[in-house]
There are 2 protein chains.
Amino acid sequence: MSSTAPPPSSLPHRVPDLGAMVLLIAVARHGSLGRAAREVGISQPAASGRIRSMERQLGVALLDRSPRGSRLTDAGALVTDWARRVVEAAEAFDAGAQALRDRRDSRLRVAASMTIAEYLLPGWLIALRAGRPGTAVSLLAGNSAAVALRLMAGEADLGFVEGLSIPEGLDGTVIAHDRLVVVVAPAHPWARRDRLTPGELAATPLILREHGSGTRQVLDAALAVHGGLARPLLELSSTTAVKGAAESGAGPCVLSELALGEELSARRLVTVPVAGVRLRRQLRAVWPAGHRPTGPARDLLSLTAREPGES
Amino acid sequence: MSSTAPPPSSLPHRVPDLGAMVLLIAVARHGSLGRAAREVGISQPAASGRIRSMERQLGVALLDRSPRGSRLTDAGALVTDWARRVVEAAEAFDAGAQALRDRRDSRLRVAASMTIAEYLLPGWLIALRAGRPGTAVSLLAGNSAAVALRLMAGEADLGFVEGLSIPEGLDGTVIAHDRLVVVVAPAHPWARRDRLTPGELAATPLILREHGSGTRQVLDAALAVHGGLARPLLELSSTTAVKGAAESGAGPCVLSELALGEELSARRLVTVPVAGVRLRRQLRAVWPAGHRPTGPARDLLSLTAREPGES
DNA sequence: TGAGGTCATAGGCTGGGCTTATGTCCAGCA
DNA sequence: TGCTGGACATAAGCCCAGCCTATGACCTCA
């Protein structure tokens, strides 16, 4: 989604579907088309054909077939690993969607801020599912006030918020930190800067999320000390839109570190350090004061709890 | 792929296909089903039906339809962002696969080590495509020696290797560092350790990639000073298999930081610092001595080149 | 040489997803 | 008030991708 290009031969036509990727991964694991077919619940000829058509589509041989089984070619190994990344993203999607579906009456009802629901929660749910398979989780996403409300009303068992303080009436614990970072396209002059002064940041129009987002609040608070609020160059409604605008060189933007994995390692965006501004915010698990989480809520909490040796 | 579970109702059945995700993202961008349909090249009723069936599948309303257009619901916004992650992974897949396909005769022929080809290159190619749309890239993955060979033989224009030194006959520049980290499942005793001594690491059987992998070499070299080579508990052939084994509690493993994004933030795995061991390795771009890259090779190189303000 | 594993090929069926044509609703404008 | 245009929904029909079963070819090992 880095461009608004009208896709002549669009992505889905150039990429095998999820089923094919899952199948390929299964073949890699089992070393056999037939066994992989059984695992994913299709017949051996179907698997054979499916892999074959994937090879045609990609123009690369993926498997060395032999009468004793099938092994990945070098290219196949690479493709399989890329496929795994796609499948992992799909699993996160599934975990999140599943939590979203079970609107009420689930055993564990979680209320979380947007950023946490978006970036962290699906991973936690996958982990939770691995450890406690049966647990049904429902998810409600909203801002800190909404999360607090749900908890106080007994409509959620565990909450996650980002921000500077714990909402009234709740107890909580810090589970992680999130850093806001200033990023620009590699071609932007700031990409060469050793560091920025807070004054410069406050004086420069930035690409931002719309007013009211958590990111925006933290940024405003941090800059208040140094010459006023952040000045918007563009106000966009989704994180991805912000990234896209920054990538295409529209200007600098400020985003949560959590949102920037791929873009940074591909150097589609680069970070610009800012001297002496506190752009860290705490991510907290919260619950009604006095009611320490128990049962599945405790399980989830312990999954997320920060421990000494941190990355 | 974190488990070997036999999928009763498998992932692809629970997750919409790529086309649907792309469509949803387009709807989010345009605020209109019809316009989104046009963008992805299908008819308006097809788009309508497709989104509807996605809502049925997920059990969540994604769109607020009105006679003046469609806006995402809150749940829809979340789902769209998760979908974007899947689509981004698919784009990386596509970029990699495309490079793999154009075996010979491409304008820019890249030879890269496995780790770089797997984790970094697709992102670079997406960025390159954004900046220099027409560039056809071909990719050849292999170990350092193979990369050197290709470059010397004139069969590749630019190479990427990981390791301690530049192969004979090549010039190069460091473009990034890769840290190897020791990770364990959160339940593992080491997860509580403040830090490990190198001796402990050398004395403990680890889950490792098979002999000959770059990761393995660096680890062996680092541990050689402290009581010998790494001792394998399991030797597995893919990074993901190693992660899976570690997650399920089989033991500690050592992996490149690049391979561990999701697992760490979800705390499915946690890192264990090791005192006084040099587990950094350099990632380098290389080319035949004296032949500085030009043209598209230079473009790609400048995309990857490290600059002062690093994250 | 036969048994048991592998993968490939062939033929026939089914259904999901597409298109076109049409209906309904709403807003804005005369 | 009634017309127009844009939005989405519904209906009917078509088509092809992908599946299954059945079978064949090949290799290995006893």
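Chain naming here is simple, since letters A, B, ... match the order of the sequence lines and numbering starts at 1 in each.
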Please enumerate all residues that pass side chain to side chain donor-acceptor pair (under 3.5 Å) together with B:R132, with sequence neighbours excluded.
B:D299
Side chain to side chain contact (heavy atoms under 4.5 Å, CB included) filter on B:A246, not counting sequence neighbours, yields B:I207, B:C253, B:L269
What does the list of N/O pairs under 3.5 Å between the protein and nucleotides 16-18 of chain C look like, with a distance for each?
unit_1, atom_1, unit_2, atom_2, d
C:dC18, OP1, B:R50, NH1, 2.6

Considering only residues two or more places apart or on different chains, which pairs with a residue in residues 48-59 of chain A satisfy side-chain hydrogen bond (donor to acceptor under 3.5 Å, both in side chains)?
A:D17-A:R50, A:E55-A:R65
Please examine the side chains of B:V27 and B:L63, heavy atoms only from C-beta on, and report whether any two atoms are closer than 4.5 Å.
yes
Can you sort out the partners of A:P67 under side chain to side chain contact (heavy atoms under 4.5 Å, CB included), two or more places apart, ordered by chain and number?
none
Using the side chain to side chain donor-acceptor pair (under 3.5 Å) criterion, which residues pair with B:S256? Sequence neighbours excluded.
B:D178
Partners of B:R35 by salt bridge (charged side-chain N to carboxylate O under 4.0 Å, His left out), sequence neighbours excluded?
none
Between B:S66 and D:dA7, is there a side-chain N or O to OP1/OP2 distance below 4.0 Å?
no
Can you check whether A:R65 has a side-chain N or O nearer than 4.0 Å to OP1 or OP2 of C:dA8?
yes
Check the distance between D:dG6's C1' and B:R35's CZ and give it to me in whole angstrom.
10 Å
Rounded to whole Å, the CG-P distance (B:L33 to D:dT10) equals 12 Å
Can you check side-chain contact (heavy atoms from CB on, under 4.5 Å) on B:V15 and A:L18, steps first, answer last?
CA-CA 9 Å; B:V15 173; A:L18 270 175; 3.8 Å; yes
Can you tell me how far P of D:dA7 sits from NE2 of B:H30, to the nearest Å?
11 Å
Heavy-atom protein contacts under 4.0 Å, nucleotides 24-30 of chain D, coded B base, S sugar-phosphate only, - none:
---SS--
Measure the distance from CD1 on B:I51 to C1' on D:dT10 and round it to the nearest whole Å.
17 Å
Kindly give the atom pairs (protein nitrogen or oxygen, nucleotide nitrogen or oxygen) under 3.5 Å for nucleotides 11-16 of chain D.
none

Applying side chain to side chain contact (heavy atoms under 4.5 Å, CB included) to A:A47 and not counting sequence neighbours gives A:L23, A:L33, A:A37, A:I42
Rounded to the nearest Å, what distance is computed from the CZ atom of residue B:R38 to the C1' atom of nucleotide D:dC8?
13 Å
side-chain N/O B:S32 vs D:dC8 OP1/OP2, d < 4.0 Å
yes
On DNA chain C, more 5' by nearest nucleotide between A:G69 and A:G49 is A:G69
d(CE, A:M21; P, D:dG18) in whole Å:
13 Å
Distance test, side-chain N/O of A:S70 to OP1/OP2 of C:dC7, below 4.0 Å:
yes
With side chains defined as the heavy atoms from C-beta onward, is the minimum distance between A:R231 and A:L206 less than 4.5 Å?
no
Pairs in or reaching into residues 112-129 of chain B: which pass side-chain hydrogen bond (donor to acceptor under 3.5 Å, both in side chains), with residues at least two apart or in two chains?
B:Q98-B:R129, B:S113-B:E162, B:T115-B:E162
What pairs with A:D81 under salt bridge (charged side-chain N to carboxylate O under 4.0 Å, His left out), at least two apart in sequence or on another chain?
A:R84
Without decimals, in angstroms, what is the distance between B:L62 CG and D:dC8 C1'?
16 Å
